[in-house]
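Remarks on the structure that follows.
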There are 2 protein chains.
Amino acid sequence: MELNRIITGDCIAAMNAMPAKSVDLIFADPPYNLQLHHNLLRPEGGKVDAVDDDWDKFDSFAAYDAFTRAWLAAAHRVLKDDGSIWTIGSYHNIFRVGAALQDLGFWVLNDIVWRKTNPMPNFKGTRFTNAHETLIWCAKSETARYRFNYHAMKALNEDLQMRSDWLLPICTGAERLKSGGTKAHPTQKPEALLYRVLLACTEPGDVVLDPFFGTGTTGAVAKLLGRDWIGIEREEKYVAVAQARIDGLLPLSGGDMAVSEGARGLARVAFGALVETGMIRPGTTLWDARRRHRARVRADGSVERDGRAGSIHQIGAAAEGAAACNGWTYWHVEEGGGLVAIDAKRVAYRAATGVASAG
Amino acid sequence: MELNRIITGDCIAAMNAMPAKSVDLIFADPPYNLQLHHNLLRPEGGKVDAVDDDWDKFDSFAAYDAFTRAWLAAAHRVLKDDGSIWTIGSYHNIFRVGAALQDLGFWVLNDIVWRKTNPMPNFKGTRFTNAHETLIWCAKSETARYRFNYHAMKALNEDLQMRSDWLLPICTGAERLKSGGTKAHPTQKPEALLYRVLLACTEPGDVVLDPFFGTGTTGAVAKLLGRDWIGIEREEKYVAVAQARIDGLLPLSGGDMAVSEGARGLARVAFGALVETGMIRPGTTLWDARRRHRARVRADGSVERDGRAGSIHQIGAAAEGAAACNGWTYWHVEEGGGLVAIDAKRVAYRAATGVASAG
DNA sequence: CGTCAGGATGAATCCCCCG
DNA sequence: GCGGGGGATTCATCCTGAC
């Protein structure tokens, strides 16, 4: 089997033409079936550049399921018995993909949450910011002896076990491939994501297959890490971009590559978290250190003073007639006859929950 | 329908005995179908106290799917058209539940990741630490007008949009209910999780249904926040624990339940009303913030620019060549040598006339 | 050359009342 | 039920151009 090349064509046919049990790892980023109906405008009037490509359009969930089961069955055949498979998706499609994986006999090892440091906001204020995507990692069967480089993952995570939630930025800037001044592909994944997947589940010389190759992030990281790879992609324009990208790369010599871990230092704690967890009850009176001003805690973590509601910082600033105020040190609660700064509650919260570092 | 009580029995039968379209929110924590075949040993030899209750055993994915679709269909019937449903699960079951939700016509609004600050480590070093669970939030249909208290969520998160990943501790310590020295229920959820769900999607007086009530976390938080609730639980030992727990609770006072509201809750003011009352005189020049465009106020509250007259919004959009425009924040009047947004005039108008909230 | 303000942008199922 | 129109709504990051 010829390695380190892109096959142009349909991934099901291409996989069926490959030898059975021939690849060690499959990474698949299939269409998400986003079902976007309307144009979305940003508050300042700009238009969101949506994914509206034909390859993401399906007539129904049934049609999407049929497609999913077909490519997963082909993937099952080419995967070695001790290999494993990763898929990525969003709430639009990931439940269909996950159920299909289970139905085909794949054994789920983890679901991994890719938390985006910089997701697009929800412009209309109608839902929670959709700030993550989900990956599913499966062995070929319940009893398979899959590869997991536990210590490499632990080392990558400052000697703590790598968790199932990964904080990584989306692909922007110089890493984002352009063609003709605009993005070459609407859904290019960050190399750091593939780096972690390949480092966790393969060793040098393993064969990595990506049936939805796109601009070739999987191939690029595989080459970098000294893994062999095969990419399958239907659209010739993406094939050209991917080939040029990978040709221009040099593998690492011995090496390593920085994986973004996001902001370090102490985790940001919202005042609302203290209210939610019952450390401070709605209705509690907050005092400044000299009891000259008071405010009342509301159910959503905002506070109210003289009929005006806002954050602890905003209302503290208003009480002092100042432009800004650190509400954590400004406001206090009554405790044992004296006043305790709410910052002490934050310290206690961090200690109780073990949220030491951000990320 | 009798509220604020626990129904002992099977949740499907109990929901089918309830009136159709009678609840505003459903929170469901169904069995996870954990498929734990072997006893798991800790490194030091102790046995992990795993979920091995009969209620979590299913013979196959098909049996679990049939159960899931049955209770979800019953839930669909009792949910109001503009209500919403939350479910929680792990990778063992959440894909089955999510696919069933979509197949039954529920419309996914978000998948939410509950990131645990203190998850159980992976003792064997064979996988990533399973550090999260997944919630799925759905409206009853694609076109339903569900409730989302956007500004309350934003206030709870230090004035940033609440994201789809929530960092919360697991339920331990004093909050963890005990019976006879051991934990009363193997999967008790933290109150903070329910607090956020109920604060986001209900208002005081709404009816919240939990078909897998367990030790009654949903009921406890509903009572605290002044929401009505109904719990359904099959196991009498859990019913007793939940009832005692909720009976011992005091709700917040009415004022403490108040949360932040956005401008959509404010009374609508016609621009013409400001002209009528003399706050803005006909003939006044309106400017955009950077003085690139100007318009002239007419006697009827319309404005004119380049020979075209229309509302402040229409003429603002025309000036910008945009599809839409909020004229209140786009246009400004000269005042004291600087520019003041006409929105400030609207604030003054509301204050002067006492029209605070929308009717 | 550096700094700063302004603009662009990312897998998005993104409004709602009134006639 | 549908169409029109008022008017509510954004976070982190990177790039470009002005000075």
Side-chain angles (χ1 to χ4, degrees), chain A residues 29-53 55-58 61 88-94 114 116-134 169-176 178 181-183 185-190 214 260 262-263, chain B residues 82 102 107-111 138-139 141-143 145-146 148 150-151 154 157-164 261-266 268-272 289-290 301 310-314 316-317 323-331 342-343 346 358-359:
Chain A
D29 182 10
Y32 286 11
N33 188 24
L34 288 187
Q35 309 165 62
L36 305 177
H37 301 311
H38 314 287
N39 284 335
L40 178 60
L41 293 184
R42 300 165 183 272
E44 82 280 8
K47 186 172 168 301
V48 172
D49 184 18
V51 177
D52 57 358
D53 305 74
W55 50 254
D56 198 47
K57 296 200 192 316
F58 295 84
F61 282 129
I88 182 168
S90 64
Y91 65 81
H92 309 85
N93 72 321
I94 199 66
W114 168 28
K116 303 179 182 181
T117 55
N118 47 352
M120 188 162 73
N122 181 291
F123 293 117
K124 303 294 187 186
T126 55
R127 305 180 179 192
F128 298 95
T129 306
N130 189 10
H132 73 277
E133 294 186 24
T134 303
I170 60 177
C171 182
T172 59
E175 190 188 330
R176 188 85 193 206
K178 301 287 198 305
T182 58
K183 56 189 178 192
H185 191 285
T187 71
Q188 185 182 343
K189 296 293 177 289
S260 170
Chain B
D82 290 344
Q102 292 178 314
W107 191 247
V108 180
L109 298 169
N110 280 114
D111 59 335
C138 294
S141 72
E142 180 177 353
T143 54
R145 296 207 309 240
Y146 58 90
F148 178 55
Y150 173 76
H151 289 90
K154 195 171 175 180
N157 192 40
E158 302 272 276
D159 276 339
L160 290 176
Q161 286 192 342
M162 186 71 82
R163 297 170 38 119
S164 56
E261 292 199 23
R264 285 206 175 95
L266 294 175
R268 183 171 288 203
V269 174
F271 181 66
R290 289 199 239 155
S311 72
I312 50 173
H313 316 295
Q314 290 166 339
C325 170
N326 182 345
W328 289 108
T329 51
Y330 181 76
W331 294 114
I342 57 175
D343 197 33
R346 181 170 60 164

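On a predicted model such as this, the values are computed, not experimentally measured, just so you know. The chains referred to below are lettered A, B, ... by the order of the sequence lines, with proteins before strands, and numbering in each begins at 1.
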Can you tell which of C:dT9, D:dT9, C:dA11 lies closest to the side chain of A:Leu34?
C:dA11
Separation of atom CE in A:Met120 from atom P in D:dC14, rounded to whole Å
18 Å
Output yes when at least one side-chain N/O atom of A:Lys116 is less than 4.0 Å from OP1 or OP2 of D:dT13, else no.
no
Could you tell me whether the side chain of A:Asn39 and the main chain of A:Lys47 form a donor-acceptor pair under 3.5 Å?
no
What integer number of Å spans the P atoms of C:dC14 and D:dG5?
23 Å
Indicate the atoms forming the closest heavy-atom contact of B:Ala263 with B:His151, along with that distance.
N-CE1, 4.4 Å
Which value, in whole Å, describes the distance between the C1' atoms of nucleotides C:dT13 and D:dG7?
23 Å
Relative to the ring of A:His37, is the ring of B:Trp107 parallel (under 30°), tilted (30 to 60°) or perpendicular (over 60°)?
parallel
Among C:dG10, C:dT13, D:dA12, which is the nearest nucleotide to the side chain of A:Lys183?
C:dG10
Distance criterion of 3.5 Å, no angle test: do you see the side chain of A:Arg42 paired donor-to-acceptor with the base of C:dG7?
no
Using atom C1' in both nucleotides, what's the gap between D:dT10 and C:dT9 to the nearest angstrom?
12 Å
Taking the side chain of B:Gln314 as heavy atoms from C-beta outward, which of D:dG6, C:dA11, C:dC15 is closest to it?
D:dG6
Heavy atoms from C-beta onward define the side chain here; which of D:dC14, C:dC14, C:dA12 lies closest to that of A:Thr172?
D:dC14
More than 12 heavy atoms from other groups under 6.0 Å of CD on B:Glu158
yes
Relative to each other, are the rings of A:His185 and A:Trp55 parallel, tilted or perpendicular (30° and 60° limits)?
parallel
Does OP1 or OP2 of D:dT10 have a side-chain N or O of B:Arg163 closer than 4.0 Å?
no
Taking any heavy-atom pair under 4.0 Å as a contact, classify A:His185: base, sugar-phosphate, or nothing.
nothing
Return the stems involving DNA chain C, sorted by first number, where pairs are Watson-Crick (N1-N3 with N6-O4 or O6-N4) or G-U wobble (N1-O2 and O6-N3), both under 3.5 Å, and runs are 3 or more long.
C:2-10 with D:11-19, C:15-19 with D:2-6
Nearest-nucleotide 5' precedence on DNA chain D, A:Ala174 against A:Glu44:
A:Glu44
Can you tell which of D:dG7, C:dC15, C:dC17 lies closest to the side chain of B:Arg346?
D:dG7
Counting any heavy atom closer than 4.0 Å, what does B:Asp343 reach on the DNA or RNA strands: base, sugar-phosphate only, or nothing?
nothing
On a heavy-atom basis, which atom in A:Ala50 and which in A:Leu36 lie closest, and how many Å separate them?
CB-CD1, 3.8 Å
Of the listed nucleotides D:dA12, C:dC15, C:dG10, the one nearest the side chain of B:Leu160:
D:dA12
The answer to which of A:Phe123 and A:Lys189 contacts DNA chain C further toward the 5' end, by nearest nucleotide, is A:Lys189
Verify the contact: side-chain N or O of A:His38 to OP1 or OP2 of C:dC15, cut-off strictly under 4.0 Å; return yes or no.
no
Go through the N and O atoms of the side chain of A:Arg127 and the base of C:dT13, and report whether any donor-acceptor pair is under 3.5 Å.
yes
Between A:His92 and A:Leu34, the two heavy atoms sitting closest are ND1-CD2, 3.4 Å
Distance between C1' atoms of D:dG6 and C:dA11 (Å, rounded):
31 Å
So, does B:His313 get its side chain near the phosphate of D:dG7, meaning an N or O under 4.0 Å from OP1 or OP2?
yes
If you look at every strand shown and take non-hydrogen atoms under 4.0 Å, does A:Asn130 touch a base, only sugar-phosphate, or nothing?
sugar-phosphate
If the cut-off is 4.0 Å, is B:Arg268 near the phosphate of D:dG5, judged by side-chain N/O to OP1 or OP2?
no
Phosphate-side-chain proximity, B:Tyr150 and D:dT10, N/O vs OP1/OP2 below 4.0 Å
yes
The test is salt bridge (charged side-chain N to carboxylate O under 4.0 Å, His left out); show your working for B:Asp159 and B:Lys154 and say whether it passes.
CA-CA 5 Å; B:Asp159 276 339; B:Lys154 195 171 175 180; over 6 Å; no
Think A:Lys116 forms a cation-pi with A:Trp114, using NZ or CZ under 6.0 Å from the six-ring centre and within 45 degrees of its axis?
yes
Does a side-chain N or O from A:Thr117 land closer than 4.0 Å to OP1 or OP2 of D:dA12, or not?
no
C:dT13: syn or anti, per glycosidic angle within 90° of 0
syn
If I take atom CG in residue B:Asp111 and atom C1' in nucleotide C:dA11, what distance separates them, rounded to the nearest angstrom?
13 Å
Classify the side-chain pair B:Gln161/A:Thr129 by whether it contains a donor and acceptor separated by less than 3.5 Å.
yes
Quick one: is B:Asn326 getting a side-chain N or O under 4.0 Å of the D:dA8 phosphate, OP1 or OP2?
yes
Comparing A:Pro121 and A:Thr187 on DNA chain C - which has the more 5′ nearest nucleotide:
A:Thr187
For A:Ala50, report the nucleic acid contact type (base, sugar-phosphate, nothing); a contact means any heavy atom under 4.0 Å.
base
Are C:dT13 and B:Trp107 stacked, with the base six-membered ring and the side-chain ring centres under 5.5 Å apart and planes under 30°?
yes
